[in-house]
Amino acid sequence: MSRKASENVEYTLRSLSNLMGEKRRRQPDSSAGSSAAAAGERSLISAESCSSINSQASGGELERAARRQFQQDESPGFVYVVSVFSALGGFLFGYDTGVVSGALLLLKRELNLDALWQELLVSSTVGAAALSALAGGVLNGLWGRRPCILLSSCFFIAGSALLAAAQDKETLLGGRIVVGLGIGVASMTVPVYIAEVAPPHLRGRLVTINTLFITGGQFFASVVDGAFSYLAKDGWRYMLGLSAVPAIIQFFGFLFLPESPRWLIQKGQTQKARRILSQIRGNQTIDEEYDSIKNNIEEEEKEVGAAGPVICRMLTYPPTRRALIVGCGLQMFQQLSGINTVMYYSATILQMSGVQDDSLAIWLAAVTAFTNFLFTLVGVWLVEKVGRRKLTLGSLTGTTVALIILALGFLLSAQVSPQVTLNPTDPSGQNSACTNYSYCNGCMLDPDCGLCYKLNKSNVVESSCVPVKKESTMAAAWGRCSNETRFKREELFWAYNFCPTPYSWTTLLGLILYLVFFAPGMGPMPWTVNSEIHPLWARSTGNACSSGVNWIFNVLVSLTFLHTAEYLTYYGAFFLYAGFAGMGLIFIYGCLPETKGKKLEEIESLFENRLCTCGISDSDEGRYIEYIRVKGSNYHLSDNDASDVE
Ligand SMILES: O[C@H]1[C@H](O)[C@@H](O)[C@H](O)[C@@H](O)[C@H]1O
């Protein structure tokens, strides 16, 4: 039904699908149905509008027409513009965490970076993000969401300028820290901002778009890495500096975009809040929404009081304490299931599994990043269809299975690990530990050693385990594989960090499968759910804590990956992540309630139950709350009183 045709058919229905569901329950046969439906609608829609609707539509058509009308009315383009501009923060988060692996390949050579400096350049950003995400909570509460997004774009611009112009490694470190500060503030502010401006029926989808932008940024970074890796000099400057472009766009965009109306109401700036809410909702009547937000804030303040630091109030008030545990738990399990070992080390993992060529590994890593992006898109589509809880549970179950497949792939490769057949002696007379390994697997796991071998068809022959060169892992310190041109001429192969195996494909399959399952649910849902489960007074602090937890576990898992692999072997590491993912499943099954379609103000009540029953006791799952205005009055239908309609 077009807007024109319904000029005076303004109708409002709260919980449209509740109502329609109720109608369906009450009409066992379809003929009775249409009159019952008509009866239901008559009481709801004013007489003059009703006649126009009824003359055009049967019950089903009416539902569709009403839904179309509702969607036209309630989803003005402006809310998408606002969401996309804020989600540029997610893009930069993904780009800056993703681009560094390729940049390091070039930097290592040009600036002669040792392993410590390489680790510093990667983890300083993640560490700074953890700190600034925590600090972002205070800033969000004090200044509002908009200034925080502007601040994060400034960090991104300054950081990328520093990185692109850096002449030494210290400046590079400074630039990476500044970029990290931007990532932390953006990662906690953007989902909150989008959730606060979005209408309930679109909220999950719009917040999930932020994660789509994160994974899009990671994919774009991997393509940029691949493209600039051919540039012998200064390629890294372009890689690291390019992120200034979206940051500048975001900064100027946000100069013209509004503050979150919820934050404004909380700060008592009610006139401005009303104006902005109406602007975001396409100048429709926003009375009901405005009143509901305002009443809720007042009630919250009465219930919880305003004394003491927010975090203490959150911890002493059971519903917010539970929400905090659920939010932080989700973020912790997201990282403990190993996503960033896959995202940051995919090229290395592929090499470990036997992909020898550097650029092939980089491009295959781009394929994995693309899979992450593509399947986050599936998440955007599914989030409002199946809901947060089912999506997260399904995703984590698949992720656990994929992790087990990855582990089994490495186990299989380890078991068919080629034997070491030659034991050359060190020319310097020193006894190297490398020459003691009898199988390639042991040799590969020792960071000081590599395998030098020949191939007879696809069989490894004449293999020896020898120390790796200190300056470059591309050749051995001595012996047949010490000189690249020589060993290429003599058809020798040098395997550092991997063993030649016919099973590399299981790893690629496992990685892809992992992302296919992880990306639609466990990737975006921790961010989406966190943006919705805290009441307004606790939202900034709650999100700051959960984002902080995300970044802290990100550092822990990604920094320890190579060592974990060294001590537990690769299959051990992936079995460990599978174990964490299994624990996450139990946690989510017991604790994560469904928030789909609920107003932000209604969600607090989901946490009134004892923790770990909230998931199970959720009876509202799948209900779709929508708002339609009845001409002349705001029809108020409580969630449970659809029966009042008839
Ligand atoms: O949700 C995101 C996404 O899944 C990214 O791919 C990952 O790198 C981030 O750590 C995570 O928070």
Side-chain angles (χ1 to χ4, degrees), residues 87 89-101 122-123 125-130 133 179-180 183-191 194 204 207-222 327-347 349 365-380 383 388 391-392 395-396 398-399 402-403 511-512 514-531 543 546-559 561 577 580-581 584:
F91 182 87
L92 288 158
F93 158 175
Y95 184 86
D96 283 315
T97 49
V99 78
V100 68
S101 59
V122 177
S123 43
T125 309
V126 186
V179 162
I183 297 181
V185 177
S187 72
M188 71 123 318
T189 312
V190 171
I194 300 181
V207 181
T208 308
I209 284 183
N210 183 48
T211 316
L212 183 70
F213 272 54
I214 300 178
T215 54
Q218 286 173 331
F219 169 56
F220 188 66
S222 63
C328 292
L330 269 176
Q331 292 286 25
M332 179 180 85
F333 283 114
Q334 181 197 63
Q335 293 301 319
L336 283 181
S337 42
I339 177 65
N340 288 314
T341 59
V342 173
M343 290 317 292
Y344 302 167
Y345 293 102
S346 48
I349 295 175
V367 173
T368 54
F370 180 69
T371 313
N372 194 15
F373 169 70
L374 191 69
F375 282 86
T376 310
L377 198 65
V378 175
V380 173
V383 63
R388 293 43 161 169
L391 189 55
T392 316
S395 155
L396 194 54
T399 303
L403 280 167
L511 281 182
I512 302 271
Y514 175 93
L515 291 168
V516 165
F517 284 111
F518 183 92
M522 268 318 270
M525 285 312 108
W527 299 107
T528 306
V529 169
N530 267 290
S531 70
N543 275 274
S546 58
S547 311
V549 166
N550 178 292
W551 288 110
I552 290 167
F553 278 88
N554 184 333
V555 187
L556 281 179
V557 175
S558 49
L559 259 188
F561 172 60
Y577 300 138
F580 287 140

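As the structure is a computational prediction, the values presented were derived from the model and not from experiment. We count ligands from 1, going down the list as the structure has it; atoms in each ligand are counted the same way. Along the sequence shown, residues are numbered consecutively beginning with 1.
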Pairwise side-chain contact, Y514 with T399, heavy-atom cut-off 4.5 Å (strictly under): yes
Heavy-atom side-chain contact between W527 and N550 under 4.5 Å: yes
T211-T376 side chain donor-acceptor pair, cut-off 3.5 Å: no
Shortest protein heavy-atom distance from [atom], along with the residue and atom involved:
atom: atom 6 (O) of ligand 1; result: Q218 OE1, 2.8 Å
atom: atom 1 (O) of ligand 1; result: G523 O, 2.8 Å
atom: atom 12 (O) of ligand 1; result: Q334 OE1, 2.9 Å
atom: atom 7 (C) of ligand 1; result: N340 OD1, 3.5 Å

Does any N or O in the side chain of [X] come within less than 3.5 Å of the main-chain N or O of [Y], such that one atom is a donor and the other an acceptor?
X: T341; Y: S558; answer: no
X: S395; Y: M522; answer: yes
X: N530; Y: G327; answer: yes

Aromatic plane relationship, F93 with W551 - under 30° parallel, 30 to 60° tilted, over 60° perpendicular: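 Rings of W551 and F93: tilted, 30 to 60°.
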Which ligand 1 atoms are under 4.0 Å away from a heavy-atom of [X]?
X: N550; value: 12 (O)
X: N372; value: 6 (O)
X: F518; value: 4 (O)

Flag if over 12 foreign heavy atoms under 6.0 Å of CZ, F333: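 Atom CZ in F333 is packed in, count exceeds 12.
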Contact check, Q331 vs ligand 1, heavy-atom distance below 4.0 Å: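 It does not; every heavy atom stays at 4.0 Å or beyond.
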Residue part near ligand 1, for M522, under 4.0 Å between non-hydrogen atoms: neither
Ligand 1 versus T97: contacting region, heavy-atom distance under 4.0 Å: neither
Under 3.5 Å: N/O of I214 near N/O of ligand 1: no
Contact check: T211 vs ligand 1, nitrogen or oxygen atoms, below 3.5 angstrom: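 There is no such contact.
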